[in-house]
Amino acid sequence: MLVMAFVVLMTCGMRVQAAEYAVAPFAAYMYTGEGAELFAEPDPLTLAAVFPGDLPIQITGITSNGYYQILVNGLIYYMHGSALSTKTGTTAYKLTSIDAKAALVADLATGEIIYQQNMLDRLVPASTTKVMTTLLVLEAISQGNIALDTPVVVSSTALAGVPSDASHVNPRLKAGEVLNVLSLLEAVMIKSDCHACNVLAELVAGSVDNFVALMNMKAAALGCVDTNFVNTSGYPANNHYTNAYSLSLIMREALKYQTFQTIIGLKTVEIPATNLSKVRKLENTNALILSGDYYNPYVIGGKTGYCKASKNCLVTAAIKDGEGLITVILGAQTNTMTDGTVVKQQFSETNKLIEIGFATLAAS
């Protein structure tokens with residue numbers, strides 16, 4: 001059987017030309033991955049339903065463009081090969097959406113939203129909160145109140161305000177230790193150190209409470225909506241929330257500072273020895289800038305986040321041929337896919353968003 005299809009796909013803002021395909025007989029039973037998408041035709045524009053995982057599916061054919069022809073209640077439908085597995089307990093690759101609670105890609109130059117998915121949903125931001133913390137420190141530097149080489153004494157109150165299981169550098173910061181502002185910012189953005197956030201907050205605003213008030217004032221001034229911060233680090237707390245849209249505004253403002261761009265692009269960094277610690281060696285938590293499966297040559301950096309309530313989060317910036325993007329992923333999982341690979345979807349889905357964003361800018 002030969003089927004002709006000449007549909008232009010606009011899913012997620014990305015143009016894909018559907019090709020001619022053939023269907024060959026193929027008989028088997030396989031299992032759905034969690035979130036398997038069911039199509040009326042072997043084309044993502046024909047989405048009919050989304051299935052839970054581990055359902056046995058009768059396969060009657062396979063198409064030349066990667067779909068299985070299947071029977072559901074005696075009717076012919078199609079599932080992509082990435083949605084079916086010979087094993088149970090897997091997750092399907094999404095063809096028609098980003099696999100996260102919320103997602104966004106925006107034009108860095110204009111702030112215009114290119115693609116969004118649940119961008120105004122109230123969610124837990126985890127350590128992506130630290131972009132706002134860093135932004136306020138950089139503003140204080142630009143105003144001449146402090147400098148990158150300003151020495152800061154770590155106070156006991158700054159440390160006491162952070163739970164012991166919060167992310168931190170190794171060795172941990174100690175009361176009475178002296179570091180400069182740059183080292184503290186690197187600890188915040190590269191290793192997601194929560195204690196350093198409070199140390200910087202006390203330096204800028206006199207107290208953590210005063211600094212948190214400044215965070216919320218800045219969020220309002222930037223046009224953030226449904227956003228409320230109660231701490232400097234994003235450690236899970238009642239009434240600490242925001243959304244993908246607001247995080248994109250905060251990230252865009254922070255990217256105006258070259259120091260921010262430099263820090264988030266560091267793969268590794270050494271914090272010099274202090275009066276109370278040996279040299280600390282830090283590696284960036286953002287896999288998009290590190291060699292490996294998720295590396296993206298256009299990514300200049302970003303900020304990761306994770307807690308049980310938020311799942312995996314990532315705010316990122318990318319530049320290609322002079323054009324820039326901001327991406328936000330909130331609520332992504334780490335899943336075993338139908339081909340057996342384990343995927344950290346805050347990174348894989350960000351790469352999808354970057355592809356969508358640059359394809360859209362190139363076509364405009």
Side-chain angles (χ1 to χ4, degrees), residues 34-35 91 94 97-106 116-135 161-168 187-198 201 208 212 215-216 218-219 222 224-252 254 264 284-288 294 299 301-317 326-336 342-353:
E34 179 67 31
T91 299
K94 297 284 189 182
S97 64
I98 300 298
D99 209 348
K101 288 183 179 179
L104 173 154
V105 57
Q116 67 87 14
Q117 181 176 303
N118 305 322
M119 72 175 184
L120 295 179
D121 283 9
R122 179 187 290 188
L123 293 169
V124 176
S127 286
T128 60
T129 299
K130 294 180 172 79
V131 177
M132 173 62 90
T133 299
T134 299
L135 168 60
V162 180
S164 61
D165 64 344
S167 53
H168 56 82
V188 167
M189 293 302 294
I190 303 302
K191 200 60 179 177
S192 208
D193 189 285
C194 295
H195 303 87
C197 293
N198 277 3
V208 171
V212 170
M215 293 171 70
N216 288 311
K218 186 64 178 181
L222 290 175
C224 297
V225 295
D226 201 20
T227 293
N228 189 64
F229 299 117
V230 301
N231 61 49
T232 63
S233 65
Y235 189 90
N238 292 335
N239 295 320
H240 190 101
Y241 54 81
T242 187
N243 49 68
Y245 173 69
S246 297
L247 283 172
S248 74
L249 298 179
I250 297 166
M251 183 68 169
R252 185 166 180 251
I264 63 174
N284 204 309
T285 57
N286 184 1
L288 297 180
Y294 304 108
V299 171
K303 184 70 195 78
T304 57
Y306 174 80
C307 66
K308 288 182 179 179
S310 70
K311 303 305 180 184
N312 294 305
C313 305
L314 180 61
V315 183
T316 298
I326 294 171
T327 65
V328 181
I329 288 284
L330 296 175
Q333 300 277 0
T334 297
N335 285 325
T336 300
V342 176
V343 176
K344 296 180 179 180
Q345 292 185 296
Q346 72 272 36
F347 302 123
S348 66
E349 303 308 279
T350 293
N351 278 332
K352 281 186 189 179
L353 289 173

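Just the heavy atoms: all of them, side chains too, but no hydrogens, waters or symmetry mates, feed the values below. Numbers here are sequence positions counted from 1. Nothing here was measured: the structure is a model prediction, and the numbers come from that model.
Every residue two or more places apart in sequence or in another chain that forms a side-chain contact (heavy atoms from CB on, under 4.5 Å) with Y294 is listed here: A287, L288, V343, K344, F347, S348, N351. With sequence neighbours excluded, the residues forming a side-chain hydrogen bond (donor to acceptor under 3.5 Å, both in side chains) with T285 are T304, listed by chain and number. For D226, the salt bridge (charged side-chain N to carboxylate O under 4.0 Å, His left out) partners two or more places apart in sequence, or in a different chain, are R122. Residues meeting the side-chain contact (heavy atoms from CB on, under 4.5 Å) test with N216, sequence neighbours left out: V212, N228, F229. In this structure, the side-chain hydrogen bond (donor to acceptor under 3.5 Å, both in side chains) partners of T227, at least two apart in sequence or on a different chain, are T242, S246. Residues satisfying the salt bridge (charged side-chain N to carboxylate O under 4.0 Å, His left out) test with K218, not counting sequence neighbours, are E139. In this structure N118 satisfies the side-chain hydrogen bond (donor to acceptor under 3.5 Å, both in side chains) test with no other residue, sequence neighbours excluded. Y245 pairs by the ring-ring contact (aromatic ring centres under 6.0 Å, His included) definition with nothing, not counting sequence neighbours. Residues forming a side-chain contact (heavy atoms from CB on, under 4.5 Å) with K94 (at least two apart in sequence, or on another chain): E37, V50, S97, D99, K352. H168 is linked by a ring-ring contact (aromatic ring centres under 6.0 Å, His included) to nothing, counting only residues two or more places apart in sequence or in another chain. Partners of Y235 according to the side-chain hydrogen bond (donor to acceptor under 3.5 Å, both in side chains) rule, which considers only residues two or more places apart in sequence or in another chain, are D165.
If you take CD1 on I326 and CG on L249, they are separated by 8.0 Å, rounding to the nearest 0.5 Å. How far CG of L222 is from CG of L135: 6.5 Å, rounded to the nearest 0.5 Å. Of the inter-residue distances, the one linking D121 atom CG with K101 atom NZ reads 9.5 Å to the nearest 0.5 angstrom. Interatomic distance, SG of C197 versus CG of N231, reported as 8.5 Å (0.5 Å rounding). To the nearest 0.5 Å, atom CE of residue M189 and atom CG of residue N284 are 8.5 Å apart. Expressed to the nearest 0.5 Å, how far CE of M251 lies from OG1 of T134 amounts to 10.0 Å.
Listed by first and then second residue, the side chain to side chain donor-acceptor pair (under 3.5 Å) pairs that reach into residues 189-198 are S127-S192, K130-S192, S192-K303, N198-T232, sequence neighbours excluded.
Only one option out of I329, V328, T128, L247 pairs with C313 in a side-chain contact (heavy atoms from CB on, under 4.5 Å); it is T128.
Annotation for Q116 and M119: closest pair OE1-N, 3.1 Å, computed over non-hydrogen atoms.
Within the 4.5 Å cutoff, the side chain of H240 has heavy atoms near those of the T129 side chain. At a threshold of 4.5 Å between non-hydrogen side-chain atoms, the residues V105 and T327 count as touching.
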Inset, instruction - Check the pair V162, S233 against side-chain contact (heavy atoms from CB on, under 4.5 Å), reporting the backbone distance first and the verdict last. - result: CA-CA 9 Å; V162 180; S233 65; 5.6 Å; no
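Judged by distance alone, the side chain of Q346 and the main-chain N or O of N312 form no donor-acceptor pair under 3.5 Å. Although no hydrogens or angles enter the test, the distance criterion places no donor-acceptor pair under 3.5 Å between the side chain of N239 and the main chain of V230.
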